[in-house]
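Reading through the structure tokens given below for one structure.
Chain letters run A, B, ... following the sequence lines, proteins first and then strands; every chain starts at 1.
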2 protein chains.
Amino acid sequence: MRLTTKGRYAVTAMTDLALHQHDNGGRPVSLSDIAERQSIPAAYLGRLFASLRSHGLVESWRGPGGGYRLARSAGDISIADMIEAVDERTDNTRCRGQVNCQDNHKCLTHVLWSDLSQRIQDVLSDICLSDVVSDAQVREVAERQDAMAKNRGGAATVQWRRPC
Amino acid sequence: MRLTTKGRYAVTAMTDLALHQHDNGGRPVSLSDIAERQSIPAAYLGRLFASLRSHGLVESWRGPGGGYRLARSAGDISIADMIEAVDERTDNTRCRGQVNCQDNHKCLTHVLWSDLSQRIQDVLSDICLSDVVSDAQVREVAERQDAMAKNRGGAATVQWRRPC
DNA sequence: GGATTTGTTGACCAAAATAGTAAGGTATAG
DNA sequence: CTATACCTTACTATTTTGGTCAACAAATCC
């Protein structure tokens, strides 16, 4: 599990999604809105959302008025879930999961690292999206971002469609 | 703080050093011995040790019989210390420590990430080299590695010299 | 003093991963 | 039919990583 820009984008975008999920009567939140609010390249973010979707973290709707919504409750999505979804595991141990990496036994690195990465995984699994969303600092930034956003269009009509 | 091969090498090599510090009457442990035992390219490891040294984690002696020893007690060197020493911080937030990364304020990513990386830092700061060395699995691998090593030369004479 | 050993430093390099772009395709609303 | 918005693939540029090499400096041994 590595902390990289890709994972950061994913967490940021998911946080934005969680924060705006109930705007406009709960209609899906569009990619371009998220990208603009969070200053993330839209085309790049689109690919990240494809991963988030294939990992079952979000649902998507196509066509006008389409966009994304969380597929599970925010309390049920951990930071680890989001990072894992976009950060396709490029094996961390160089041992390719094998146990006979040196002299037909485990190498020292192997022993050290599996424990260490598990601990980090645990930390990230222990924080969920709802924790993030309810954080005071996060709310403060979000409110400023909303204030910044142009008021585009009036209240939308509530609609329900089946996700893709 | 990122978990990469470089940091893994550092932790592995430091662990090896700690384990063999009292061999041969406490004379410095040579780079080539560590590299061979842990299957790490010697030239590469040499550069990592240069970083470890400049960060005050090891002391070095040149010339025949030279090598490295821990500069502090193993209980006083954390995993975070070792990784930080070799993994020259390539700023994790893209905001370059600035606080006005979006709209003249903190961006959401900034808020999220500084907290998250702090938590990981805490985990890695909480484990020290002596914890690693006393781990049962680690000792087991180390003993096998020692058994593997050729018996080169008899007991060396004890010597004391000032580090570089 | 000279050869040898061992760490130190800098320049350099190749391969991989990352971050990002572009373009064509599919589904849906109106 | 057209505009919207997600979906997918292919491509590219840049950065980082992991690694090598050679020259150099210090210490020891003879």
Side-chain angles (χ1 to χ4, degrees), chain A residues 2-10 12-13 17 27-36 39-54 58-69 83 86-92 94 109 152-153 156-157 159-164, chain B residues 2-10 12-13 17 27-36 39-54 58-69 83 86-92 94 109 152-153 156-157 159-164:
Chain A
R2 326 191 349 185
L3 299 190
T4 170
T5 299
K6 208 185 290 186
R8 240 165 38 224
Y9 280 170
T12 304
L17 176 52
R27 69 161 41 179
V29 183
S30 85
L31 190 62
S32 53
D33 284 355
I34 300 177
E36 191 191 355
S39 308
I40 299 173
Y44 192 45
L45 189 57
R47 298 206 337 217
L48 300 188
F49 264 106
S51 298
L52 293 168
R53 175 172 174 268
S54 74
V58 299
E59 288 175 326
S60 68
W61 283 263
R62 301 214 242 199
Y68 299 92
R69 298 184 58 190
I83 293 180
V86 297
D87 228 54
E88 58 273 0
R89 168 90 70 262
T90 140
D91 183 24
N92 218 3
R94 213 67 145 189
T109 299
R152 71 178 142 257
T157 54
Q159 285 180 296
W160 194 88
R161 287 188 280 154
R162 311 197 57 177
C164 297
Chain B
R2 328 188 344 183
L3 298 190
T4 170
T5 300
K6 205 184 293 186
R8 244 168 31 228
Y9 280 170
T12 304
L17 177 52
R27 70 162 41 183
V29 183
S30 85
L31 189 63
S32 54
D33 283 355
I34 300 176
E36 192 191 354
S39 307
I40 300 174
Y44 192 46
L45 190 56
R47 299 212 333 223
L48 300 189
F49 264 109
S51 298
L52 293 169
R53 175 171 173 270
S54 73
V58 299
E59 287 174 328
S60 68
W61 283 264
R62 303 214 240 201
Y68 299 91
R69 298 184 60 193
I83 293 179
V86 297
D87 230 54
E88 58 273 0
R89 169 86 73 259
T90 139
D91 182 24
N92 219 3
R94 216 60 147 194
T109 300
R152 71 175 144 260
T157 54
Q159 286 178 297
W160 194 87
R161 288 188 280 155
R162 312 197 56 178
C164 297

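- For B:Leu45 and C:dT9, the CG to C1' distance is 16 Å, given to the nearest whole Å.
- Remark: A:Ser60 OG to A:Leu31 CG distance equals 10.5 Å, nearest 0.5 Å.
- Atom CD1 of B:Ile34 is separated from atom OG of B:Ser39 by 13.0 Å, given to the nearest 0.5 angstrom.
- The aromatic rings of A:Phe49 and A:Tyr68 sit parallel, their planes meeting at an angle under 30°, below the 60° perpendicular limit.
- Atom CG in A:Leu48 sits about 10 Å away from atom P in C:dG20, given to the nearest Å.
- Summarising the geometry of B:Gly66 relative to B:Pro28, their closest heavy-atom pair is C-CB, 3.8 Å, with the distance given to 0.1 Å.
- In terms of heavy-atom proximity, A:Leu45 sits nearest to A:Ala13 at CD1-CB, 3.7 Å.
- When the P atom of C:dA23 is taken as reference, atom OH of A:Tyr44 falls 20 Å away, rounded to whole Å.
- Rounding to whole angstrom units, CG of residue A:Leu52 and C1' of D:dC7 are separated by 14 Å.
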For nucleotides 2-5 of chain D, which of its nitrogen or oxygen atoms have a protein nitrogen or oxygen under 3.5 Å away, and what is each distance?
unit_1, atom_1, unit_2, atom_2, d
D:dA5, O4', A:Gly63, O, 3.4

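- In this structure, B:Ala10 and B:Leu48 approach most closely via the heavy-atom pair N-CD1, 4.4 Å.
- One can place NZ of B:Lys6 at 12 Å from C1' of D:dT15, the figure rounded to the nearest angstrom.
- Applying the 4.0 Å criterion to OP1 and OP2 of C:dA19, one finds that A:Thr4 has a side-chain N or O inside that range.
- Contact between the side-chain N/O atoms of B:Tyr9 and the OP1/OP2 oxygens of D:dG19 is found at a separation under 4.0 Å.
- Atom P of nucleotide C:dT6 and atom CD of B:Glu36 are separated by 13 Å, given to the nearest angstrom.
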Give each protein N/O atom lying under 3.5 Å from an N/O atom of nucleotides 8-11 of chain D, with the pair distance.
unit_1, atom_1, unit_2, atom_2, d
D:dA10, N6, A:Arg47, NH1, 2.8

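- What separates CZ of B:Phe49 from P of C:dT9 is a distance of 14 Å, to the nearest Å.
- Considering only heavy atoms from C-beta on, A:Leu3 stays 4.5 Å or farther from A:Asp87 through its side chain.
- Following rounding to the nearest Å, A:Leu3 (CG) and C:dT18 (C1') show an atom-to-atom distance of 15 Å.
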